[in-house]
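To keep things clear, I will list the structure first and then write my remarks on it.
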Amino acid sequence: MNLPFLPFTRPSIDEETIADVANVLRSGWITSGPKVQAFEAALSAYCGDRPVRIFNSGTATLEVALRLAGVGAGDTVITTPLTWVATANVILEVGATPVFVDIDPVTRNIDLDRLEDAITAQTKAIIPVDLAGLPVDRDRLYAIAGKHVLRVIEDAAQSFGASWKGKPIGTDGDFVSFSFHANKNLTTSEGGALVLPADIDSGLCERLRLQGVQRFPDGGMDVDVLGGKFNMTDIAAAIGLGQMKHIAAFTARRRELARRYFERLAPSLGLELPPADFENCNWHMFQVLLPTGIDRGAFIAALKAQGIGVGVHYPALHLFSLYRSLGFRAGDFPHAERIGATTITLPLFPAMADADVDRVCTAIATLLGK
Ligand SMILES: *Cc1c(COP(=O)(O)O)cnc(C)c1O
């Protein structure tokens, strides 16, 4: 049995997109240009005509959103400890202090029942994360943010294509940040987008994106703010434009594959499955928790030996050395710690075959001896 290696994810890029990238490369203009403008326009249309600016990473969009929200030294920002570390790193990057609220063990997202207890006079913003593409309850989130007059920066890195009450994530809300990293549901290889709220100056957003530079019609320029180097290239934007055509089909296929996992993973295996949400969730990842007593490292190695790739997303980030050095300890956020220590991400990507799901489920059942 020598089946090809099945990675936990793989981008789907069509030939038309590849040809268009080649056109950009031949055009003589390969950095930010017409493709960036076109991709921004396409994203804006997708997000209900809200202003959108694109960046070279999702991390950059989060950092710039914090700056646009006026978050800096002396402020605290509330987020989840079970996310890609970028979510918390950007808080430190702008000189603010991260405050973590443990997750709800069912949704694996920030526990909104505990959110209000963490809010103090120093709290300036909340960064909720839609882990695996399962949206945080937007109604409850914005009710709390509104009551305490806090900014929200939705880390929707994983929830492009997901929705809340029938509307795509990005069409409503305060700041909304997307990532187009290679593994995300829509990719530009590396990249990100920031949906701006109506009260935020998009010109300032553009200056924070590129060295603070403002250009004038007479050829002069000025720098009035410290900006970064966060612009997307036309090469990347061409990939994004090609991906936009498929996003609905990508999400639909991911939902089908997720449904198949639910059908094929027997309850007797003792795995803890994610919430079976086929309306809002875009199934960025299919994550199961291993039963107690199973050595995760050995389990992953055994699947790999059978040609099946598995990911870990993520260990609870407050236990990383950097965050321990800030005072965080084991035991601070028990749900995030338990889930971070037992979670595995099974293969799921649009080009996967139904038979691939069956292969993964059979391998898991054999390994768990059921
Ligand atoms: C991918 C990701 C990011 C960062 O995006 P990059 O484009 O890699 O910078 C931030 N937060 C979450 C939850 C992510 O999954």
Side-chain angles (χ1 to χ4, degrees), residues 8-11 36 39 43 52-67 77-94 98 100-101 103-104 107-110 125-136 141 152-162 169-170 173 175-195 208-209 228-233 235-237 239-240 243 254 274 281-287 311-318 320 322-323 336 339-340 343-345 348-349:
F8 76 83
T9 190
R10 182 195 288 150
V36 163
F39 188 30
L43 287 165
V52 177
R53 294 296 179 273
I54 57 177
F55 290 73
N56 59 3
S57 76
T59 307
T61 68
L62 292 170
E63 184 183 326
V64 167
L66 284 167
R67 293 194 194 280
V77 178
I78 300 176
T79 191
T80 165
L82 195 75
T83 177
W84 176 229
V85 69
T87 312
N89 283 352
V90 291
I91 300 170
L92 296 173
E93 195 66 57
V94 301
F100 300 111
V101 169
I103 56 167
D104 169 338
T107 64
R108 305 168 188 172
N109 285 329
I110 193 165
I126 310 168
I127 309 184
V129 177
D130 302 324
L131 191 71
L134 180 70
V136 170
L141 171 73
V152 176
I153 297 160
E154 298 181 18
D155 183 346
Q158 302 185 3
S159 51
F160 193 85
I169 294 297
F175 294 92
V176 183
S177 157
F178 295 116
S179 165
F180 305 133
H181 171 263
N183 287 351
K184 300 290 163 43
N185 286 28
L186 182 144
T187 188
T188 59
S189 76
E190 296 284 359
L194 183 62
V195 188
L208 290 172
R209 177 172 65 180
K229 170 64 183 175
F230 299 140
N231 57 304
M232 183 184 277
T233 67
I235 302 167
I239 303 174
Q243 293 267 289
R254 284 174 175 276
C281 187
N282 66 2
W283 294 97
H284 170 59
M285 297 189 280
F286 194 91
Q287 302 184 292
V312 171
H313 307 94
Y314 302 91
L317 74 88
H318 66 286
F320 292 145
L322 173 65
Y323 288 86
I339 292 176
T343 187
I344 59 170
T345 303
L348 197 162
F349 51 92

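Numbering of ligands and ligand atoms starts at 1, following listing order.
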Identified side chain to side chain contact (heavy atoms under 4.5 Å, CB included) counterpart of P98 within the set I78, V77, L92, I127: L92

Nearest 0.5 angstrom please: I344 CD1 to H313 NE2, how far? 11.5 Å

Show me, by chain and number, every protein residue that has a heavy-atom distance under 4.0 Å to ligand 1. S57, G58, T59, T83, W84, A86, T87, V129, D155, A157, Q158, S179, H181, K184, G191, Y314

Taking the side chain from R108 and the backbone from Q287, do they hold a donor-acceptor pair closer than 3.5 Å? yes

Do E93 and L66 touch side chain to side chain, with heavy atoms closer than 4.5 Å? no

State, yes or no, whether a side-chain contact exists between I110 and T79 at a heavy-atom distance under 4.5 Å. no

Suppose we screen for ring pair (Phe, Tyr, Trp, His ring centres under 6.0 Å). Which residues come up paired with F178, at least two apart in sequence or across chains? F160

